[in-house]
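Labels below follow one simple rule: chain letters A, B, ... track the order of the sequence lines, proteins then strands, and each chain is numbered from 1. What you see is a predicted model, and the numbers here were worked out from it, not measured in a lab.
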There are 2 protein chains.
Amino acid sequence: MTPSGKGDLFDPACPTRRLLDRIGTKWTSMAVKVLAEAGEDEVRFAELQRRIPGVSQKMLSVTLQSLTRDGLVARRVEPTVPPRVHYRLTVLGQSLEVPLAALRTWAEENMAAIDRANAAAAD
Amino acid sequence: MTPSGKGDLFDPACPTRRLLDRIGTKWTSMAVKVLAEAGEDEVRFAELQRRIPGVSQKMLSVTLQSLTRDGLVARRVEPTVPPRVHYRLTVLGQSLEVPLAALRTWAEENMAAIDRANAAAAD
DNA sequence: CGGAATCCCAATCGATACTG
DNA sequence: CAGTATCGATTGGGATTCCG
C-alpha cells in the first residue's frame with residue numbers, strides 16, 4: 001500500500017476510515033455488542049451464532065478472527081474433544097464498545113427520522 | 001430497500017446495522033466530517049471533492065445523494081450557468097456528527113494499538 | 001464443535017466518457 | 001460545474017463440504 005505514486009489517496013493519517021472498514025463489516029458490530037452484553041463472561045462460538053440471527057458459520061468465524069487479530073477479542077480454546085472455544089472482549093474491545101454504544105443509541109433514536117426522510121424523498 | 005422483501009434477514013429491530021451500512025460506506029464518514037468542519041457554512045461540490053482526497057466525481061455524487069435522501073445533508077442549487085451546488089449538514093446530520101466524532105477520537109487514539117495487535121498476530 | 005476450503009453470486013467502487 | 005451513464009475489476013459474503 002501507500003502508493004505515494006500520484007492520485008495518491010487520502011492520508012494514511014485517517015484511522016477513522018480504517019476503523020469503519022472494520023466495524024462497518026456486516027457482522028462485526030453485532031458480535032461486539034453481544035460480547036459486550038456478556039460483560040466479563042466468555043461466550044462460546046455456537047452461542048454467539050445463536051445470538052446473532054442470520055450469521056453463517058463462515059462469516060462468524062472470519063469476523064471473530066478479524067476481531068482477534070485486531071486485539072479486540074480474546075480467544076480461549078479448551079483442549080477437550082470436541083473442543084470448546086470461548087470468546088470475550090479485551091480491554092481494548094471494551095473501550096471500543098463505548099463510542100459504539102453511543103452510535104447505537106443515536107441509531108435507535110434517529111433511524112426512524114432517516115426512514116421518514118427517505119419516504120419523503122421517494123416522491 | 002425496506003427489506004420487507006425476502007433477502008430479509010435478522011431482525012428489523014436492529015437500526016445499528018442499517019446505520020453502519022450507511023456511514024460504513026467508503027466515503028460517507030469523510031463527507032460528513034468535512035461538512036461538519038465547515039460548521040454552518042455551505043460547501044460546494046468541487047470544494048468537497050478537493051477536501052476528500054481520492055474520491056471520484058461519481059462516488060462523491062452518489063454519497064451526497066444518499067446523505068441527502070437520508071435527510072442528513074441539505075442540497076441547494078443556484079440556478080446560474082454553470083450551476084453552483086451547495087451542501088451542508090442538516091440538524092439531523094449535525095446530531096450524527098456527535099457520536100461519529102467520538103468514534104473518530106477512539107480511532108485516532110487506538111488504531112495504533114490495533115496495528116500493533118495485528119503485527120503481533122502476524123507471527 | 002469449531003472451524004478451513006472452495007465455489008459463486010451480488011454489490012461496490014473506479015475509470016472513463018458524455019451532458020445540461 | 002455538477003452531475004449521469006456505462007463498463008469492468010474487485011470485494012463481500014452466503015452455501016456447501018470437509019477436517020481435527
Side-chain angles (χ1 to χ4, degrees), chain A residues 1 3 5-10 17-18 20-31 34-35 42-69 73-88 121, chain B residues 1-3 5-10 14 17-18 20-31 34-35 42-69 73-88 121:
Chain A
M1 287 304 163
K6 45 148 194 174
D8 189 11
L9 42 129
F10 20 95
R17 265 258 309 117
R18 296 175 51 216
L20 283 171
D21 279 350
R22 291 153 191 267
I23 68 170
T25 209
K26 192 163 184 178
W27 303 106
T28 307
S29 60
M30 301 191 81
V34 168
L35 287 169
E42 293 179 315
V43 185
R44 294 186 53 187
F45 187 91
E47 175 68 12
L48 278 168
Q49 190 170 14
R50 231 170 292 122
R51 295 207 206 173
I52 305 176
V55 72
S56 66
Q57 228 172 21
K58 169 192 167 183
M59 289 317 296
L60 181 56
S61 182
V62 303
T63 297
L64 290 170
Q65 281 177 17
S66 178
L67 287 168
T68 302
R69 274 199 317 277
V73 161
R75 182 177 186 269
R76 183 174 67 86
V77 182
E78 274 188 82
T80 60
V81 57
R84 295 170 176 217
V85 187
H86 307 262
Y87 296 90
R88 63 175 171 78
Chain B
M1 291 310 156
T2 59
K6 44 140 195 181
D8 190 11
L9 41 131
F10 27 91
C14 179
R17 264 260 307 118
R18 296 175 52 216
L20 283 171
D21 279 349
R22 292 154 191 267
I23 67 169
T25 209
K26 191 165 188 180
W27 304 106
T28 306
S29 60
M30 301 189 81
V34 169
L35 287 169
E42 294 179 315
V43 186
R44 292 186 54 184
F45 187 92
E47 175 68 13
L48 278 168
Q49 191 171 12
R50 231 170 292 125
R51 294 207 208 174
I52 306 177
V55 71
S56 66
Q57 229 171 22
K58 170 191 167 183
M59 291 315 296
L60 180 56
S61 181
V62 303
T63 298
L64 290 170
Q65 280 176 18
S66 178
L67 287 169
T68 302
R69 274 198 317 275
V73 162
R75 181 177 186 270
R76 182 175 68 85
V77 183
E78 273 188 83
T80 60
V81 55
R84 294 170 176 217
V85 186
H86 306 262
Y87 295 90
R88 62 175 172 78

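The nearest heavy atom of DNA chain D to A:Ser56 and to B:Arg75 marks one nucleotide each, and the one closer to the 5' end goes with B:Arg75. Each of A:Gln57 and A:Pro83 was assigned the nucleotide of DNA chain D with the nearest heavy atom; the assignment lying further toward the 5' end belongs to A:Gln57.
Across residues 59-68 of chain A, A:Met59 each have a non-hydrogen atom less than 4.0 Å from an atom of DNA chain D (numbered order).
One finds no side-chain N or O of A:Lys58 lying less than 4.0 angstrom from the OP1 or OP2 phosphate oxygen of C:dG2. The shortest distance between the side-chain N/O atoms of A:Tyr87 and the OP1/OP2 oxygens of C:dG3 is below 4.0 Å. Remark: A:Thr25 is not in phosphate contact with D:dG12, judged by side-chain N or O atoms under 4.0 Å from OP1 or OP2. For C:dG2, one of the phosphate oxygens OP1 or OP2 lies less than 4.0 angstrom from a side-chain nitrogen or oxygen of A:Arg44.
D:dA2 atom P lies 8 Å from atom NE2 of B:His86, rounded to whole Å. Rounded to an integer number of Å, the gap from A:Trp27 CH2 to C:dG3 P is 17 Å. In this structure, the CD atom of A:Glu47 is 14 Å from the C1' atom of C:dC1, given to the nearest Å. In this structure, A:Arg76 places its CZ atom 15 Å from C1' of C:dG2, rounding to the nearest Å. What separates CD of A:Glu78 from P of C:dG2 is a distance of 10 Å, to the nearest Å. Atom CD of A:Glu42 is separated from atom P of C:dC1 by 18 Å (rounded to the nearest Å). For the pair A:Lys26 NZ and C:dA10 C1', the computed distance is 11 Å after rounding to whole Å. The CZ-P distance, from A:Arg22 to D:dG12, rounds to 12 Å in whole Å.
Side-chain contact between B:Glu78 and B:Pro83 is absent, with no heavy atoms from C-beta onward closer than 4.5 Å. Inter-residue side-chain proximity for B:Trp27 and B:Val62 is flagged as unmet; no heavy-atom pair is nearer than 4.5 Å. Using a 4.5 Å heavy-atom cutoff, the side chains of A:Arg75 and A:Val85 are in contact.
Side chain of B:Ser61 to backbone of B:Gln57: no donor-acceptor contact under 3.5 angstrom is found. Using a distance-only test at 3.5 Å, with no hydrogens or angles considered, a donor-acceptor pair links the side chain of B:Ser56 to the main chain of B:Met59. When atom types are taken as modelled, the side chain of B:Thr28 and the backbone of B:Arg22 share a donor-acceptor pair closer than 3.5 angstrom.
Residues that satisfy the salt bridge (Lys or Arg N to Asp or Glu O under 4.0 Å) test with A:Arg84, not counting sequence neighbours, are absent from this structure.
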